[in-house]
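Report on one structure; see the data block that follows.
Treat the numbers as computed from the prediction; the structure is a model and nothing was measured. For this chain, numbers begin at 1 and follow the sequence in order.
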Amino acid sequence: MLAADTTRRQPAPVPAVSAAPTDSLPHIHPRDAAGRITDYTVAPGVTWHYDKPKAFRWAFHIPRDLGQFPKYAFRKENTDTFVGLAVSSVALWVADQAIVDWSQDFGKFLGLTAKSTQKSLFSIPFHVGSANLPLELNVPDNLNSTFYYLGDGWTHLTVATSFWIYGGLKKDNRALQTSGELGEAIFSTGLVVQAMKRLTGRQSPYVATKDRGEWNPFPAYSTYQHFVPNYDAFPTGHLATAMATVTVIAENYPEYHFIRPLGYSLMGLLGYSMLNNGVHWASDYPIGIALGYAFGKIAVRNGRTRVEAAPDDPAAAHGTGLAPPRKPRPWYRQGKLSPYNYGPFTGASWSLRW
C-alpha cells in the first residue's frame with residue numbers, strides 16, 4: 001500500500017518539448033547607449049548600420065549623387081540593361097499612338113474622366129526671373145486624377161515627411177535616413193529628367209499636332225516656358241519620382257516583402273492615368289523609370305554601411321565593425337603596403353597582385 005501510494009503521488013513525467021528554433025531575424029532592433037536604433041538585421045547574416053543624419057544634409061548630397069551617376073550607370077555589366085531600354089523605348093514609340101488611343105477608349109468604357117482636374121487648397125506666388133513657379137497644394141477631384149496624383153511631388157513629400165516624423169519620435173535612424181534619401185533621390189532624379197525634357201522637346205499627346213507627337217530638340221528657355229506641354233513629355237517625371245520612392249523604401253526595408261508589389265501596382269495605375277489623360281506616351285516610361293531606380297539605389301548605397309559579423313566573438317552579436325559597400329578599385333590601387341624587418345633592415349614593400 002505504501003508503495004502504491006508513493007507511486008500515485010509521483011508527478012507524471014513531462015514530455016520533452018523540443019526547443020523552438022532560434023529566430024535568426026530579430027524583430028526588435030537593439031538600441032545603442034544613447035537609446036537610438038542604429039543597427040537593423042534585415043535577413044539572416046545581413047545587418048545594416050545607419051548613422052543619425054544631420055538636418056537637411058541630404059540636400060548637400062545631391063551634387064555627389066549626380067557625380068556618381070555616370071560611373072554607376074555606364075558600366076559594362078549594364079550593357080544588357082541599356083539595350084533593353086533602347087529596344088523597349090523604340091518598340092513603344094512605334095505603337096505610341098495606338099496605345100494612347102486604346103487607353104483612352106478603355107477609360108471611356110470604364111467611365112473614367114480623362115481630363116485631370118484638381119482643386120487647389122492654397123497657392124503661394126513664387127517667381128524665378130520670368131518663370132512662374134507657384135507653391136501650390138492641389139487635391140484630385142475624380143478617380144483618374146487620383147491615380148495621377150500618385151506621382152505628384154506633394155505625395156512623395158508627404159511620404160518622406162512621415163518617415164522623418166516617425167524616425168524622430170522613435171529615435172529610429174533608418175527611418176530618418178530613408179526620409180533624407182527620398183529627398184535626395186527625388187530631387188536628383190528631377191534635375192536629370194528636367195534637363196532631358198528641355199533637350200528633347202517632345203509634345204504631350206493631348207497637344208500633339210501629329211501622331212506620336214513632334215520632337216523639337218533644344219527649345220529656347222522662353223519658348224519652353226511659354227507652353228510647357230509642347231516640349232516636356234520625354235521622359236516621364238511622375239513615374240521616375242515614383243520609382244525613386246519605391247526603390248529607396250524597398251531597399252531600406254527589405255524584410256517587408258509587400259513594398260515592391262504594392263509600389264509597382266500603384267505605379268501601374270499612375271502610368272495608365274497619364275495615358276488616359278494624354279500627358280505622356282508609353283515610350284516616355286522606360287528611361288524615366290530607369291532614372292528613378294538608379295538614383296534611388298545611389299542614395300541608399302551612400303546612406304548605410306554593412307555590419308561585418310564576427311561569429312567567433314559571442315560578445316558581438318550584431319557585428320564588430322562597419323565596412324562600406326564593396327566597390328571595385330582600379331588595378332593600380334590594388335597593391336598592398338607591408339612593413340618588413342630583416343635583421344638590420346627595416347622598411348616597407350609594396351606588392352601588386354595581377
Side-chain angles (χ1 to χ4, degrees), residues 85-118 120 127-134 136 138 140-153 189-243 267-292:
L85 289 173
V87 171
S88 60
S89 296
V90 171
L92 290 172
W93 175 78
V94 172
D96 262 339
Q97 192 63 51
I99 293 173
V100 168
D101 293 343
W102 176 88
S103 298
Q104 294 179 349
D105 290 341
F106 184 66
K108 293 176 182 177
F109 172 76
L110 295 177
L112 289 176
T113 302
K115 188 175 181 181
S116 213
T117 55
Q118 300 179 357
S120 180
H127 298 272
V128 178
S130 60
N132 183 25
L133 304 171
E136 299 178 333
N138 302 322
D141 61 358
N142 61 64
L143 186 58
N144 192 81
S145 297
T146 301
F147 296 155
Y148 182 61
Y149 199 74
L150 293 172
D152 191 87
T189 302
L191 289 173
V192 176
V193 166
Q194 290 300 319
M196 293 184 67
K197 287 177 179 290
R198 285 162 169 75
L199 291 176
T200 56
R202 188 184 189 185
Q203 284 182 325
S204 294
Y206 78 98
V207 297
T209 54
K210 67 176 185 179
D211 285 355
R212 297 179 297 193
E214 291 187 1
W215 298 74
N216 298 288
F218 307 105
Y221 177 80
S222 58
T223 303
Y224 182 96
Q225 291 298 131
H226 179 70
F227 191 54
V228 174
N230 212 32
Y231 308 98
D232 79 330
F234 181 85
T236 168
H238 276 58
L239 276 180
T241 302
M243 188 64 183
M267 287 175 60
L269 294 175
L270 170 61
Y272 171 75
S273 72
M274 294 190 295
L275 295 173
N276 188 38
N277 63 19
V279 172
H280 277 294
W281 309 92
S283 59
D284 300 332
Y285 292 172
I287 299 298
I289 292 172
L291 287 172

Side chains of residues 144-153: which donor-acceptor pairs under 3.5 Å do they make with residues two or more places apart or in other chains?
{"from": "Asn144", "atom 1": "OD1", "to": "Asn276", "atom 2": "ND2", "distance (Å)": "2.9"}
{"from": "Ser145", "atom 1": "OG", "to": "Thr117", "atom 2": "N", "distance (Å)": "2.9"}
{"from": "Ser145", "atom 1": "OG", "to": "Thr117", "atom 2": "O", "distance (Å)": "3.1"}
{"from": "Ser145", "atom 1": "OG", "to": "Asn142", "atom 2": "OD1", "distance (Å)": "2.9"}
{"from": "Ser145", "atom 1": "OG", "to": "Asn142", "atom 2": "ND2", "distance (Å)": "3.1"}
{"from": "Thr146", "atom 1": "OG1", "to": "Asn142", "atom 2": "O", "distance (Å)": "2.9"}
{"from": "Tyr149", "atom 1": "OH", "to": "Asn138", "atom 2": "O", "distance (Å)": "2.4"}
{"from": "Asp152", "atom 1": "OD2", "to": "Trp154", "atom 2": "N", "distance (Å)": "2.9"}

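In terms of heavy-atom proximity, Gly288 sits nearest to Ala240 at O-CB, 3.1 Å. Of all the heavy atoms in Val193 and Gly237, the pair that sits closest is CG1-CA, 3.8 Å. Contact detail for Thr236 and Met274: the closest heavy-atom pair is OG1-CE, 3.6 Å. A pairwise comparison of heavy atoms in Ser283 and Ser89 identifies CB-O, 3.5 Å as the closest pair.
Between Ile287 and Met196, some side-chain heavy-atom pair lies under the 4.5 Å cut-off. Residues Leu92 and Trp281 have side chains not in contact (no heavy-atom distance under 4.5 Å, counting atoms from C-beta outward). Side-chain contact check for His280 versus Leu239: every heavy-atom pair is 4.5 Å or farther apart.
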Practice task
Evaluate the side-chain contact (heavy atoms from CB on, under 4.5 Å) criterion for residues Tyr206 and Asn277: first the C-alpha distance (whole Å), next the side-chain angles of each, then the deciding distance (0.1 Å), finally the verdict.
Solution key: CA-CA 8 Å; Tyr206 78 98; Asn277 63 19; over 6 Å; no

Practice task
Given side-chain contact (heavy atoms from CB on, under 4.5 Å), test Arg202 with Arg212 step by step and report yes or no.
Solution key: CA-CA 9 Å; Arg202 188 184 189 185; Arg212 297 179 297 193; 4.1 Å; yes

Practice task
Carefully, step by step, assess Phe106 and Leu275 under the rule side-chain contact (heavy atoms from CB on, under 4.5 Å).
Solution key: CA-CA 11 Å; Phe106 184 66; Leu275 295 173; over 6 Å; no

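Here Thr209 contributes atom OG1 and Asn230 contributes atom CG; the two are 7.0 Å apart, rounded to the nearest 0.5 Å. Note that CG of Asp232 and CD of Gln225 are 10.0 Å apart. Values are rounded to the nearest 0.5 Å. From Leu291, atom CG reaches atom CG of Leu191 across 11.5 Å, with rounding to the nearest 0.5 Å. Interatomic distance, CG of Asp211 versus CG of Asp96, reported as 10.0 Å (0.5 Å rounding). Taking CD1 from Ile99 and CH2 from Trp93, the interatomic distance works out to 12.5 Å, rounded to the nearest 0.5 Å. To the nearest 0.5 Å, atoms CD (Gln97) and CH2 (Trp102) are separated by 15.0 Å.
Side chain of Ser273 to backbone of Leu270: a donor-acceptor contact under 3.5 angstrom is found. Between the Tyr231 side chain and the Pro219 main chain, no donor and acceptor come within less than 3.5 Å of each other.
Among pairs with a residue in residues 102-113, none fulfils salt bridge (Lys or Arg N to Asp or Glu O under 4.0 Å), at least two apart in sequence or across chains.
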